[in-house]
Novice: 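Quick one: the structure is below, and I'll ask about it shortly.
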Amino acid sequence: MLRTHTCGELRIDQVDHEVTLIGWINAVRDHGGLKFVDLRDRYGRIQVQISPESIGGDALETLRFDQVLKVTGSVMERPDGMRNPKLETGDVEVIATSTEILGECPPLPFNPDSGDQVNDELRFRYRFIDMRREEIQRRFRLRSDMQFAMRQYLHGHDFLDLETPMLTKSTPEGARDFLVPSRQNPGEFYALPQSPQIFKQIFMISGFDRYMQVVRCFRDEDLRADRQPEFTQLDLEMACIDESDIMGLVEGLMEHVVKEVTGKEVTLPFPRLSYKEAMLSYGSDSPDMRSDLRIQEFSDLVEGLEFKVFSGAVDSGGAVRGMRIPGGGQWSRKEIESLEPIVKQQGAGGLAWFKMTDDGPAGPVSRFLAGAAGEELIQRLGMEPGDLACFVADGQTRVVVNSLGQLRKELAIKLGHIEPGVLNFCWVEEFPLFDEDEETGQPTPCHHPFTCPHPDDLGNLESKPLEVRARAYDLVLNGFEVGGGSIRIHQRELQERVFTAIGITAEEAESKFGFLLEALRFGAPPHGGIALGMDRLAMILAGLETIREVIAFPKTQRGTCQLTNAPDPVTTDQLSEVGLMKEPVAKKEPVAEEESGEDS
RNA sequence: GGGGACGUAGCUCAAUUGGUUAGAGUCCCGGCCUGUCGAGCCGGUUGUUGCGGGUUCGAGUCCCGUCGUCCUCGCCA
């Protein structure tokens, strides 16, 4: 080792020891002859004293922030009144007898102290500087601890950590694939896996019983704060189990992980609610239960209200829903109306509302509340003086759900329901097996085509496919979907029926999933599993707003890497080697393929 | 593909209704300084206001286009 100690470990015990440290210069306090230098590494910070006397009159080097400095000297107890209680090492300092700059460093492109204030573009371009920050190092430590705790827990429950291919087969369903051309098979392509789904099912058929993997997955879709084109899942699968076994295991896993990483206790079991209930009461399939705001149905009352906006919505097949906002009656009209853009963005025409005062309802909707239906509405809401009620009515129930769901989210923040550090898990289950494709009307899998239909609904698979429930479940944490899984189909015949229901012909099924269908013939046990989003989990456990902050080298919203500048054009030679030709519309030219390089 | 926000010194930001020479803090450079720990004091440099066009006597400010970053809808089995 080039050093005897790290920058975080020296204490009174080491006084008079001769030590050698290597670290980044974190500050230089120059008093002319006497200099104090803070040296920093992963483990902490320590003050080094450099003076002409201590280093024997040698010329002092020019010291600058983030140079890598090697210091040899002796540990001294600091004089009284000169200790620094803010530093773990603050009772001692190192009196340098020699110093050497091992790594030069120009002035930095940004000030790391400004931390997250600096714009992301710059931070990610100079990620190596950004990641020196204590704050960032803590995040990645947390993520590392989290993944270790997961492996530890699952190892203790007989899971095997098994690998699956990264170069695999493109599948027709689901997200867009990232394609990889095959040099040895011109014109043919691998795809990067969207998930190891089928491979883990094959492990089950192979008798591996309990499989886990921390695995990278790839989906070529547009990005969000919580979505990157490549992301990491804790993937697991078990045989001879049902839903409650998976949920129970994951609850135990989360309890262990949260305890190990944050020291917090979670309450088990996690509440479970059906998809239907989640959509109705919370306006989302990933409800944030940190807030107790609840959406309620009022479509059945509109007949008695004589409010055309409401009745019109219901008449055209939609719905009227609303929620009580305790204490919202204190808000001004202007403040209430400032909520309207939230619902308009989701396609709603507007926000209807009334306040409850000591003298009864007041505000735009109040004049429709005089009759019996109005009274029932007020009663159902549980309105008390000082409360506000907001409603959305629309001909499309989907718009009502999304609008109020979004409004609920914003109100939860506004009302201070979102306390930092609170972890609120729940399960959402009984998802529909299929969604309707908006364009073709074709049923398409909500989860994936290997999800087992609910046994009670099997009779409807062909006749009323959209009413079939799935044996699927999502794990939700603080309003984020952090996991999703299902019991899988383990019978070939049922798998074929599901393929047919989603419009996959026998030929397509054979060519795309033939290997799975074949495997299902040869002794497949009942099985199921789940995949947990590691980036989102790490983000929430670290109290952050975007998964970019827990990914060392994230992509921008356009899918580019600021550090490496990927993706890049490649040379025509590289293309032809893999049997591809360039379309003449390339945005960027390949770098230095045959440039003549004239200096300007 | 649609909607929105932002882009001014290396960095973080300011600049009144469109009005003179675009400022501050920090960083950086020079000087002073032997007990600081956000060191201090004195002095100094730093600008294609993202880019291109337009309106105007005059544009950082208004308009159009474009590029980039972020948020979001669509999309994400």
Side-chain angles (χ1 to χ4, degrees), chain A residues 26-39 45-54 62 64-66 76 78-87 89-90 93 95 106-126 129 171-177 193-195 197-198 217-229 231 341-342 344-347 399 402-403 406 431 433-435 437-439 443-451 470 472 481 484 486 498-499 502 504 512-513 531 533 545-546 548 555-558 560 562 587:
Chain A
N26 204 58
V28 181
R29 293 177 291 278
D30 189 344
H31 292 255
L34 181 68
K35 286 181 173 66
F36 295 101
V37 173
D38 288 345
L39 216 52
R45 261 194 296 160
I46 185 157
Q47 173 166 284
V48 176
Q49 191 197 103
I50 306 172
S51 66
E53 297 85 5
S54 69
T62 306
R64 198 183 288 124
F65 195 90
D66 264 9
M76 301 289 282
R78 292 210 207 177
D80 281 340
M82 287 158 199
R83 298 166 191 245
N84 185 348
K86 288 187 218 159
L87 288 184
T89 60
E93 61 191 340
I95 312 297
L108 299 181
F110 62 91
N111 180 1
D113 288 341
S114 322
D116 292 347
Q117 302 304 312
V118 179
N119 79 60
D120 290 351
E121 201 178 344
L122 204 64
R123 285 179 51 211
F124 292 132
R125 181 156 146 223
Y126 295 98
I129 295 168
T171 51
E173 296 291 328
R176 230 171 264 122
D177 282 322
Q194 296 182 27
S195 86
Q197 182 59 37
I198 300 180
C217 303
F218 305 86
R219 295 177 192 172
D220 188 5
E221 297 294 343
D222 286 355
L223 279 60
R224 286 287 188 285
D226 62 352
R227 269 162 38 190
Q228 285 270 305
F231 57 98
I342 300 167
K344 282 192 166 167
Q345 201 195 5
Q346 304 296 321
V399 168
N402 292 344
S403 305
Q406 198 58 42
F431 282 84
L433 187 63
F434 305 121
D435 275 333
D437 187 308
E438 298 244 335
E439 287 162 28
T444 113
C446 265
H447 186 49
H448 55 56
F450 319 110
T451 303
E481 181 197 326
S486 62
V498 168
F499 282 153
I502 59 178
I504 295 181
K512 291 299 178 184
F513 305 112
E545 309 266 302
T546 153
R548 284 191 300 277
K555 306 275 191 292
T556 69
Q557 199 159 42
R558 278 181 61 255
T560 62
Q562 299 285 32
K587 266 193 194 164

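First the proteins, then the strands, lettered A, B, ... as listed; each starts at 1.
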Novice: Does A/R548 make a side-chain donor-acceptor contact with the base of B/C70, cut-off 3.5 Å?
Specialist: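 Counting by modelled atom types and ignoring angles, no donor-acceptor contact under 3.5 Å is found here.
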
Novice: Would you kindly check whether a donor in the side chain of A/R78 faces an acceptor in the base of B/U36, or vice versa, at under 3.5 angstrom?
Specialist: yes

Novice: Kindly point out which of B/C73, B/U69, B/C29 is positioned nearest to the side chain of A/Q562?
Specialist: B/U69

Novice: With a 3.5 Å limit on both atom pairs, tell me what B/U21 is paired to, counting Watson-Crick and G-U wobble, or say none.
Specialist: none

Novice: Measure the distance from CG on A/D30 to C1' on B/G35 and round it to the nearest whole Å.
Specialist: 13 Å

Novice: Taking the side chain of A/V118 as its heavy atoms from C-beta onward, which of B/G38, B/U12, B/U36 lies nearest to it?
Specialist: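 Closest nucleotide to the A/V118 side chain: B/U12.
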
Novice: Output the distance between atom CD (A/Q345) and atom CG (A/N402), rounded to the nearest 0.5 Å.
Specialist: 11.0 Å

Novice: Answer yes or no: is there a side-chain heavy-atom contact under 4.5 Å between A/F124 and A/T556?
Specialist: no

Novice: Remember a base hit wins even if backbone is also touched, and classify A/L122 as base, sugar-phosphate or nothing at under 4.0 Å, heavy atoms.
Specialist: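 The answer is sugar-phosphate, as A/L122 gets under 4.0 Å only of primed atoms, P, OP1 or OP2.
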
Novice: Check A/D38 with A/R29, please: is the shortest side-chain N to carboxylate O separation under 4.0 Å?
Specialist: yes

Novice: If you look at every heavy atom in A/R548 and A/K555, which pair is closest and at what distance?
Specialist: CD-O, 3.9 Å

Novice: Between B/U56 and B/C62, how far apart are the C1' atoms? Round to whole Å, please.
Specialist: 10 Å

Novice: Would you indicate whether the side-chain heavy atoms of A/N111 and A/V118 approach each other to under 4.5 Å?
Specialist: no

Novice: Write down the distance between CD (A/Q345) and P (B/A5), rounded to a whole number of angstrom.
Specialist: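 Those two atoms, CD and P, are 12 Å apart.
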
Novice: Which nucleotide in the list B/U34, B/U26, B/U72 gets nearest to the side chain of A/N111?
Specialist: B/U26

Novice: Tell me the interatomic distance from A/R558, atom CZ, to B/C71, atom P, rounded to whole angstroms.
Specialist: 14 Å

Novice: Among B/C71, B/U36, B/C76, which nucleotide sits nearest the side chain of A/A175?
Specialist: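 Within the option list, the nearest is B/C76.
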
Novice: Nearest-Å distance, CG (A/D222) to P (B/G74)?
Specialist: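 Those two atoms, CG and P, are 12 Å apart.
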
Novice: Using the six-membered ring for Trp and the full ring for Phe, Tyr or His, decide whether A/H31 stacks on the six-membered base ring of B/A39 (centres under 5.5 Å, planes under 30°).
Specialist: yes

Novice: What distance, rounded to whole Å, do you find between the two P atoms, one in B/G40 and one in B/G50?
Specialist: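 Result for the P pair: 33 Å, nearest Å.
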
Novice: What is the pairing partner of B/C76, taking Watson-Crick or G-U wobble pairs with both distances under 3.5 Å in any strand?
Specialist: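 B/C76 is unpaired by these criteria.
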
Novice: When all nucleic acid strands are considered with a 4.0 Å heavy-atom cut-off, which category describes A/R125: base, sugar-phosphate, or nothing?
Specialist: nothing

Novice: Using a heavy-atom cut-off of 4.0 Å across all strands, would you classify A/Q406 as base, sugar-phosphate, or nothing?
Specialist: nothing

Novice: Grab the CG-P distance between A/N26 and B/G38 for me, whole Å please.
Specialist: 11 Å

Novice: On a whole-Å scale, what distance lies between the P atoms belonging to B/G25 and B/C42?
Specialist: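 So the two P atoms sit 11 Å from each other.
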
Novice: Please give, in whole Å, the distance from B/C70 C1' to A/R227 CZ?
Specialist: 15 Å

Novice: Is the ring centre of A/F36 under 5.5 Å from the base ring centre of B/U36, and are the two planes under 30° apart, so that they stack?
Specialist: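 Stack criterion met.
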
Novice: With nearest nucleotides of RNA chain B determined for A/F65 and A/R45 from heavy-atom distances, which residue corresponds to the more 5′ nucleotide?
Specialist: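 Residue closer to the 5' terminus by nearest nucleotide: A/F65.
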
Novice: In Watson-Crick or G-U wobble terms, both distances under 3.5 Å, what is the partner of B/A15?
Specialist: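 No nucleotide pairs with B/A15.
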
Novice: How would you label the contact of A/Q49 with the nucleic acid (heavy atoms, under 4.0 Å): base, sugar-phosphate, or nothing?
Specialist: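 Counting heavy atoms under 4.0 Å across all strands, the contact made by A/Q49 includes a base.
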
Novice: Quiz question: going by heavy-atom distance under 3.5 Å, is there a donor-acceptor pair between the base of B/G7 and the side chain of A/E121?
Specialist: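 Such a pair does not exist between side chain and base.
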
Novice: Tell me: CZ of A/R224 to P of B/C76, nearest whole Å?
Specialist: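 So the two atoms are 11 Å apart, to the nearest Å.
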
Novice: In Å, rounded to the nearest 0.5 Å, how long is the span from CG of A/D177 to CZ of A/R219?
Specialist: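 Spacing of CG (A/D177) from CZ (A/R219) equals 10.5 Å.
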
Novice: Which value, in whole Å, describes the distance between the C1' atoms of nucleotides B/C13 and B/G74?
Specialist: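 Each nucleotide's C1' atom is 36 Å from the other's.
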
Novice: Starting at the 5' end of RNA chain B and moving along, which residue's nearest nucleotide shows up first, A/R219 or A/R83?
Specialist: A/R83

Novice: Inspect the surroundings of CD in A/E545 and state if more than 12 heavy atoms from other residues, nucleotides or ligands are less than 6.0 Å away.
Specialist: no

Novice: At under 4.0 Å between heavy atoms, what does A/Q557 touch on the DNA or RNA strands: base, sugar-phosphate, or nothing?
Specialist: base

Novice: Could you measure between the two C1' atoms, the one in B/G1 and the one in B/C75, and give it in whole Å?
Specialist: 10 Å

Novice: Just checking A/S195: base, sugar-phosphate only, or nothing, at a heavy-atom cut-off of under 4.0 Å?
Specialist: base

Novice: Taking atom P in both B/G60 and B/U49, compute the distance separating them and give it to the nearest angstrom.
Specialist: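 To the nearest whole Å, 8 Å.
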
Novice: Nearest whole angstrom, please: distance from the C1' of B/C71 to the CG of A/D226.
Specialist: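 In whole Å, B/C71 C1' and A/D226 CG are 12 Å from each other.
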
Novice: What is the base-pairing partner of B/G68, counting Watson-Crick and G-U wobble geometry with both distances under 3.5 Å?
Specialist: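 When the pairing criteria are applied, B/C6 turns out to be the nucleotide that pairs with B/G68.
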
Novice: Roughly how many Å apart are B/A9 and B/A5, using the C1' atom of each and rounding to a whole number?
Specialist: 24 Å

Novice: For B/A15 and B/A22, measure between their C1' atoms and round to the nearest Å.
Specialist: 7 Å

Novice: Within the 4.0 Å heavy-atom criterion, would you say A/S486 contacts the bases, only the backbone, or no part of the nucleic acid?
Specialist: nothing

Novice: Name the pairing partner of B/C37, where a pair is Watson-Crick or G-U wobble with both distances under 3.5 Å, or state none.
Specialist: none

Novice: A/H31 vs A/F36 aromatic rings, parallel, tilted or perpendicular, using cut-offs 30° and 60°?
Specialist: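 Aromatic pair A/H31/A/F36 classed perpendicular.
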
